[in-house]
Each structure stands twice: as structure tokens, then as C-alpha cells.
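Step one of this worksheet: look at the structure below.
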Number of protein chains: 2
Amino acid sequence: MKSNFNDKQIIILEVAETLFAEKGFDGTSIRNIAKEAKINIAMVSYYFGSKEKLLESLILYRTSDLKIQLDNLIIEDLEPIEKINKLIELYINRINCNKGIYRILHFEFTSKKGDSNLQAFSELKKGNLKSLESIIIEGQTKGIFRKDVIIPLITPTILGTFFHFHMNKTFFQNLLNLKTEDLYNNYIKTNLTLHIQQTIKALLIYES
Amino acid sequence: MKSNFNDKQIIILEVAETLFAEKGFDGTSIRNIAKEAKINIAMVSYYFGSKEKLLESLILYRTSDLKIQLDNLIIEDLEPIEKINKLIELYINRINCNKGIYRILHFEFTSKKGDSNLQAFSELKKGNLKSLESIIIEGQTKGIFRKDVIIPLITPTILGTFFHFHMNKTFFQNLLNLKTEDLYNNYIKTNLTLHIQQTIKALLIYES
DNA sequence: TTTAAATTTAAACAGTTGTTTAATTTATTT
DNA sequence: AAATAAATTAAACAACTGTTTAAATTTAAA
């Protein structure tokens, strides 16, 4: 897996990712990034042009290979519901592993009006939706899934559930007694993932 | 419905709410607020103490009466599933009407470490969870709801779905052809609300 | 009307912000 | 080894940040 960024750029990108996720885009200064990445503050402008463009590069860096993974999933020899379950697992795993890219993606990037790469991001989301749609239609033609479901609203339920949980991390750590980071991550990987799979399955199969 | 804030304070609070929702807490300056509210920049410190305390006051101002509404819902003479549907409607309506308080609540306030009013906010969330729990347990003892559901994860699904949809507003406006603000809000009030109700109902009633 | 309290103001404070500059060091090519 | 290109640096830039001050104005109480 090669990338368009050199080693130094990648260091900057990953430091920026962590800090943006922790303190937000506006809450993070170029000096913060430079200090953490042990580089001169001018290097960000030198390599990326500006702080905004650094953000755009970060999105690109983190989302470029998601489409491939989804395409591979679709052609696997699995029952539709198994594909859905794997898709959910894939999403959560990616988001949870990539530190805080999700927050950045949906809260910093969306609120910036720079139409430049926002379009590319929109295309990515459309592609993801198409993948999901093809799985669900497959299930519908096989007579397994119900047909009156609003497909574009399923992604919000999958991602939104995870995200809301994650944004209220401290609250749920207290409530569910997940004192260590490991316990918390493990809860996401098992219980939360299961909850989402269970929810989507119920939605797709339930007949009123 | 009286409040602890005077007229001028309320103007400041509501301007701050709009701007925080639009540009984020860090992205909004006291000078922005002052200009929009047509007051001197010193008035924020004068009335609220600091920018952070203004945020805390805003949370207080917007969440103080939610608990009462939930308590009233619980004692209504309705079937459990009807109560759940009403609860979902109540949530979405509140969040959608109060401009962008939701974003502020879960993204700005959660990431600030000020332990002062964060505790109070946590108590509010715990109270909301207790309300939901009592409805679900009622449905379980009546034999209508399944018993292996993880109750604390239902709120993330309800709120997360709405929120994810709303955060990707422009994307869904394009995708679903909701050109005007009215069309968009109407879609939330009907289709999105219905989707969430349908999802939670399926989750609670479906037997694998 | 005088006095006291509350409100509003402009100005200044000390930091921080993103970005650019020009000089210097390091790496690559001729 | 010399020349060229790329990378890195410290310093400066003007603009903006939240907050405080002390004086001016308005409102309320005596």
C-alpha cells in the first residue's frame, strides 16, 4: 500500500489526526502540531500549503482505501445478512482504529465550506452508499429482507450509533464500568458491534 | 416557564447558540457574539464570567425542562411501544427545534474537561436513561419486548441516527432532493422519525 | 434631588493565531 | 568538486484571541 505522501508528511498527518480528534480543528494550532511532530512550524505550510489543506490531505490519506475494502466484501460468497454484519464490523473497526478520524470527518470537515475536496468526500460517501444498497437489494430479491426500508437512512443508524457512543465515552465508561482503555475498546468490538448488527438485522428482517 | 436569566442574557445565549452550532465553540469569538447580539464585548464576561461559563449557562438554559417532559410521558396511559414512539418524537423535535444545541452538547461540551457542570450534564443523561429504561422494562414485563436488549445502547441509536443525518445535511439534501429548508425539516419530522421508530420497534420486538 | 447600584463603553492587556520571508543547511545532480 | 534543488530554520508579520480596567452612562433606591 503506497501513498502519495512522504515519510515526513505522514508523521505530520498522523500527529494532526490525533490532535484534531482530541481538541478539534480550531482548537489545534499549527504550533501544537509542529511541537508534537518535532518539526518547524513553517513545514506545514511548506508541505501542505495551509492548515485547511492539511485537513483535506488528512481526509484523503485516511479514506482512499475504504472503497477497495467494500468492493471486495460485495463479491465475497456470503449470505446478504452476513455481508451486512461484516460491513458493520468493517466500518467500526476502521473508525475505531483510526484514532479520531470520524470526528474530524463529520464535524470539522462538514462544517468547513471549502468546496474543493468536499466534493470528493461526497463522492466517497455516495460510493459507500451504493455498496450498501447493492447488498440490501441482493437480500431483497432473495426474499430475505423487507422491501419498505429506507436504505440511505441505514448508514446514519450504523455510524451514528457508534459515534454517539464514542462521543459520550466518559459517560459510558462510568455507566458500564469500563475503567481501562482496553475494556472500553473491547466493549465496542463485542457488545456495541453486536448491538448494531442486531439492530440492523431486526430492521431488515422484521415484518410488522 | 420562567428562567434564571434576564432578557439581555437570553439574547446573548441564543446568539451564542446559533454561532456555536454554526462555527463551533472554538470557531466562535466573543467579538462575533457581541456583534451579532449588538452588545459590547465586555458584557459576556460581565454577565457570565467567561466564555466557558457562557457555554455552561447555555447547556443549563436548554436542558432544564427536558426531564419534566419525560416524566410526564412515562405516566401517560399508553402502550409501551407507543411511549417509545412518543419519546423518539420528543427527542427529535427538541433537538431539531433548538437550532444546534445538540452539536454543542455532544461535541463541544463533552470535549471540555471542566468538571463543574459536566457532572450536572451527566446526571441529566442518567435521568433520561432511567426514563427510557422504565418504559422498556414495562414492555418486557408485559411480554411485548424481548429481554436480551442492551438498554443503554438504545439512546445512541436514536440520537446518533438523527445526529449523523443532520451533520451530513448537505449530503442528504442533495441525495434526497430536499432543496428547501422546509423540505429538509419535513423529511426529518416524517421519514427520519419514522425510520428511527421503525428501527427501535424492530429491535425491541423481533425474535431471532 | 441626592446617592448608590447596575449597566455599558472604549481602550488596553498580554498571548496566540496562520502565514510568509529570507537565510541557512542538507541532499541530489551535473 | 561545483552547481542546483530540496528541506529546514528563526524571525517577523499583522490580525485575532479572551479578559480586565477604569471611566461614563443609565437605572433604581433613599
Side-chain angles (χ1 to χ4, degrees), chain A residues 2-59 61 104 107-109 111-118, chain B residues 3-59 104 107-109 111-118:
Chain A
K2 67 176 175 180
S3 158
N4 296 322
F5 302 105
N6 63 42
D7 295 358
K8 194 130 272 183
Q9 280 177 302
I10 288 177
I11 291 176
I12 298 174
L13 284 171
E14 299 195 339
V15 167
E17 178 177 33
T18 312
L19 291 180
F20 286 166
E22 256 174 44
K23 320 199 290 172
F25 179 76
D26 289 313
T28 305
S29 73
I30 292 187
R31 282 163 182 84
N32 293 152
I33 299 169
K35 190 179 220 176
E36 193 81 15
K38 284 163 192 159
I39 50 142
N40 188 278
I41 53 164
M43 297 307 289
V44 171
S45 290
Y46 177 73
Y47 274 128
F48 298 97
S50 70
K51 194 188 173 190
E52 287 254 347
K53 281 184 187 161
L54 168 65
L55 177 59
E56 289 176 12
S57 295
L58 178 55
I59 305 297
Y61 174 63
I104 300 163
F107 295 84
E108 309 293 4
F109 203 62
S111 63
K112 310 278 168 251
K113 46 185 166 287
D115 298 330
S116 51
N117 284 42
L118 202 139
Chain B
S3 155
N4 296 320
F5 302 105
N6 64 43
D7 294 359
K8 193 130 272 180
Q9 281 177 302
I10 288 176
I11 291 175
I12 298 174
L13 284 171
E14 300 195 338
V15 167
E17 178 177 33
T18 311
L19 292 180
F20 287 167
E22 254 173 45
K23 321 200 289 173
F25 180 77
D26 290 314
T28 305
S29 73
I30 292 188
R31 281 166 183 84
N32 293 153
I33 299 169
K35 190 179 221 176
E36 193 81 14
K38 286 164 191 158
I39 49 143
N40 188 275
I41 52 163
M43 297 308 287
V44 171
S45 293
Y46 177 74
Y47 274 128
F48 298 97
S50 69
K51 193 187 175 189
E52 287 255 347
K53 281 185 188 162
L54 168 65
L55 177 58
E56 291 175 13
S57 295
L58 178 55
I59 305 297
I104 300 163
F107 294 83
E108 309 294 2
F109 204 61
S111 63
K112 309 277 168 255
K113 46 185 168 286
D115 299 330
S116 49
N117 282 43
L118 202 139

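Throughout, protein chains are lettered first and strands after them, A, B, ... in sequence-line order, and every chain is numbered starting at 1. Owing to the predicted nature of the structure, the values given are computational and were not obtained by experimental measurement.
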For L54(B), the option from F20(B), F25(B), Y47(B) that meets side-chain contact (heavy atoms from CB on, under 4.5 Å): F20(B)
Taking only residues two or more places apart in sequence, or in another chain, which ones meet S29(B) in a side chain to side chain donor-acceptor pair (under 3.5 Å)? N32(B)
If you restrict it to nitrogen or oxygen atoms, what contacts under 3.5 Å exist between nucleotides 18-20 of chain D and the protein, and what is each distance?
unit_1: dG18(D); atom_1: OP1; unit_2: K51(B); atom_2: NZ; d: 2.8
unit_1: dG18(D); atom_1: OP2; unit_2: I30(B); atom_2: N; d: 2.9
unit_1: dG18(D); atom_1: N7; unit_2: R31(B); atom_2: NH1; d: 2.8
unit_1: dG18(D); atom_1: O6; unit_2: R31(B); atom_2: NH2; d: 2.9
unit_1: dT19(D); atom_1: OP2; unit_2: K51(B); atom_2: N; d: 2.9

Atom NZ of K38(B) and atom C1' of dA10(C) are separated, to the nearest Å, by 20 Å
Quickly work out the M43(A) CE to dT21(C) C1' distance and round it to whole Å. 15 Å
Whole angstroms only, please: what is the CD1-P distance between I33(B) and dC16(D)? 16 Å
Tell me, do F5(B) and I12(B) make a side-chain contact under 4.5 Å, heavy atoms counted? no
Among V15(A), T18(A), L13(A), exactly one meets side-chain contact (heavy atoms from CB on, under 4.5 Å) together with I33(A). Which residue is that? V15(A)
I'd like to check the side-chain contact (heavy atoms from CB on, under 4.5 Å) partners of I41(A); sequence neighbours left out, ordered by chain and number. I30(A), R31(A), A34(A)
Starting from P on dA7(D), measure out to CZ on F48(A) and report it in whole angstrom. 12 Å
Collect all protein-nucleotide pairs involving nucleotides 25-29 of chain C in which both atoms are nitrogen or oxygen and the distance is under 3.5 Å.
none

Could you work out, with side-chain contact (heavy atoms from CB on, under 4.5 Å) as the rule, every residue matching K53(A), not counting sequence neighbours? S50(A), E56(A)
Send over the distance from N6(A) CG to dA5(D) C1', rounded to a whole Å. 15 Å
dist T28(A):OG1 -> E17(A):CD (nearest 0.5 Å) comes out at 12.0 Å
Hey, does Y46(B) have a side-chain heavy atom less than 4.5 Å from the side chain of N40(B)? no
Within the structure shown, what part of the strands sits under 4.0 Å from Y47(B) by heavy-atom distance: base, sugar-phosphate, or nothing? sugar-phosphate
